[in-house]
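Down below is the structure, laid out as structure tokens.
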Amino acid sequence: MITREEAFKLLKRYNKDPFHIQHALTVEAVMKWYAKELGYAEEAEYWGIVGLLHDIDFELYPEEHCLKAPELLREGGVGEDIIHAVCSHGYGITVGCGVTIDVEPIHEMEKVLFAADELTGLIWAAALMRPSRSTKDMELKSLKKKYKSKGFAAGCSREVIERGAEQLGWELNRLLEMTLQAMADSEDLISEEMSVVA
Ligand SMILES: [Fe+2]
């Protein structure tokens, strides 16, 4: 299996925008948090690498998101299991070039990625509106309010997030609460990592 260091190097080969790097690091941390929380602690690094690489093709090939990824990942020596997981986070989504991604999330790890990815974007947008610009003092109640407000972070699809919760067999509230906790717990580490990247 590819190491975390190799995966990060590969990510940075195709992603230069700090916003994209930060999103990758966030999803990595959230995936590791979930692995530990859901009884997959010994696979936490692996879950994290999937999170780190999940949007690898988005910066350069946004119209072919999840379609270009297998090529980039194979070139980077990434295994087919990770490639499957990466592609499955687009399941049922029609990308810019008109293709609907048909790779279904099977493993619980893949379902968590699908559900949490879009939500981290919404939670981070909510954090940036706070005086603290942080998730650490964000209450679930205020997140729920933002979530329900259609005009807020309209680019973060509630339909995708809710489909994600459904695929996991979770109540939406559980997904919101756990993902917020995961982000709050890892925020300091991510800003530290970002200060090194920048
Ligand atoms: Fe993403």
Side-chain angles (χ1 to χ4, degrees), residues 4 7-8 10-35 46-73 76 78 81-97 99-105 107-128 135 143 146-147 152-165 167-168 175-176 178-180 182-183 186-187 189-191 193-194 197:
R4 196 273 177 187
F8 196 37
L10 186 61
L11 172 79
K12 287 187 287 183
R13 191 185 302 162
Y14 297 104
N15 287 265
K16 309 291 176 202
D17 183 340
F19 184 82
H20 292 155
I21 308 258
Q22 183 173 340
H23 174 67
L25 290 170
T26 301
V27 177
E28 177 192 27
V30 166
M31 288 298 286
K32 286 174 84 169
W33 186 95
Y34 269 112
Y46 175 61
W47 285 44
I49 288 172
V50 170
L52 193 62
L53 293 174
H54 81 283
D55 275 341
I56 188 157
D57 62 2
F58 188 68
E59 186 169 310
L60 292 179
Y61 309 96
E63 304 292 297
E64 295 161 273
H65 185 36
C66 297
L67 297 170
K68 196 77 182 170
E71 183 187 322
L72 309 185
L73 293 171
V78 174
D81 49 336
I82 291 183
I83 294 174
H84 185 277
V86 164
C87 296
S88 75
H89 95 276
Y91 183 53
I93 296 167
T94 303
V95 294
C97 67
V99 174
T100 302
I101 308 302
D102 63 358
V103 182
E104 194 177 345
H107 190 285
E108 191 166 10
M109 171 268 283
E110 297 175 329
K111 294 178 184 175
V112 169
L113 174 65
F114 185 99
D117 169 35
E118 192 85 356
L119 181 55
T120 62
L122 188 142
I123 294 175
W124 190 243
L128 292 180
T135 56
L143 172 60
K146 288 273 192 308
Y147 184 91
F152 176 75
C156 298
S157 165
R158 275 48 165 191
E159 188 270 320
V160 167
I161 295 167
E162 282 157 34
R163 195 146 56 80
Q167 282 170 171
L168 281 162
L175 178 67
L176 294 179
M178 288 178 89
T179 307
L180 175 57
M183 287 179 72
S186 46
E187 193 179 294
L189 177 69
I190 294 164
S191 51
E193 288 173 317
M194 282 305 291
V197 170

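From a predicted model like this one, the values you see are computed outputs, not experimental measurements. One-based numbering, in listed order, for ligands and for the atoms of each.
- Note that the CD1 atom of Ile161 and the CG atom of Leu176 stand 7.5 Å from one another [nearest 0.5 Å].
- Salt-bridge annotation for Glu71 and Lys68: present, with a side-chain N of the basic residue lying under 4.0 Å from a carboxylate O of the acidic one.
- In terms of distance to the Fe ion (ligand 1), the nearest N, O or S atom of Asp55 is named OD2.
- Here the angle at the Fe ion (ligand 1) defined by NE2 in His54 and NE2 in His23 stands at 100°, rounded to 10 degrees.
- To the nearest 0.5 angstrom, Leu119 atom CG is 12.0 Å from Met178 atom CE.
- The name of the N, O or S atom in Asp117 nearest to the Fe ion (ligand 1) is OD1.
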Go through the steps to decide whether His89 and Ile101 satisfy the test side-chain contact (heavy atoms from CB on, under 4.5 Å), and finish with yes or no. CA-CA 9 Å; His89 95 276; Ile101 308 302; over 6 Å; no

